[in-house]
**Student:** 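Quick one: the structure is below, and I'll ask about it shortly.
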Amino acid sequence: MLTTAKVDEINATLNVAMSNLRDAMKKVPDKGLGLNAAHTRFAGSVAVLAVLLDEAARFTPDGEDLFDLL
């Protein structure tokens with residue numbers, strides 16, 4: 001059940017989140033692209049980074065591929 005206090009808490013949390021988003025977007029290098037395009041480029045970059053990190057995690061410090069051990 002939503003109480004007035006819970007609604008106020010959610011509202012305050014959203015205000016902080018939107019303020020943080022606004023501050024973060026000021027530092028986006030591609031300001032001319034707009035929010036949607038900047039988000040798309042950033043999400044793509046994060047996806048590539050995640051794949052590269054997953055690939056790097058496959059190998060032991062000795063250079064052996066952990067998938068070969070399966």
Side-chain angles (χ1 to χ4, degrees):
M1 179 172 164
L2 281 177
T3 62
T4 303
K6 190 67 174 173
V7 170
D8 289 341
E9 178 186 337
I10 293 170
N11 190 29
T13 302
L14 286 172
N15 284 339
V16 170
M18 292 304 292
S19 177
N20 289 341
L21 176 62
R22 188 171 27 258
D23 290 343
M25 289 306 297
K26 289 178 185 174
K27 298 172 186 164
V28 171
D30 296 323
K31 288 182 183 180
L33 291 175
L35 179 60
N36 190 33
H39 174 268
T40 301
R41 284 188 64 183
F42 179 73
S45 296
V46 169
V48 169
L49 177 61
V51 169
L52 291 173
L53 289 174
D54 283 344
E55 283 294 311
R58 287 179 48 185
F59 295 95
T60 66
D62 300 328
E64 296 177 21
D65 189 343
L66 293 173
F67 284 172
D68 289 342
L69 302 175
L70 296 177

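Only heavy atoms go into these numbers, but all of them, side chains included; no hydrogens, no water, no symmetry mates.
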**Student:** Excluding sequence neighbours, so at least two apart, what forms side-chain contact (heavy atoms from CB on, under 4.5 Å) with Ser19?
**Tutor:** Arg22, Asp23

**Student:** Just how far is it from atom CG of Asp8 to atom CG of Asn15, taken to the nearest 0.5 Å?
**Tutor:** 10.5 Å

**Student:** Could you give all pairs that pass the salt bridge (Lys or Arg N to Asp or Glu O under 4.0 Å) test and reach residues 46-57, with sequence neighbours left out?
**Tutor:** Glu55-Arg58

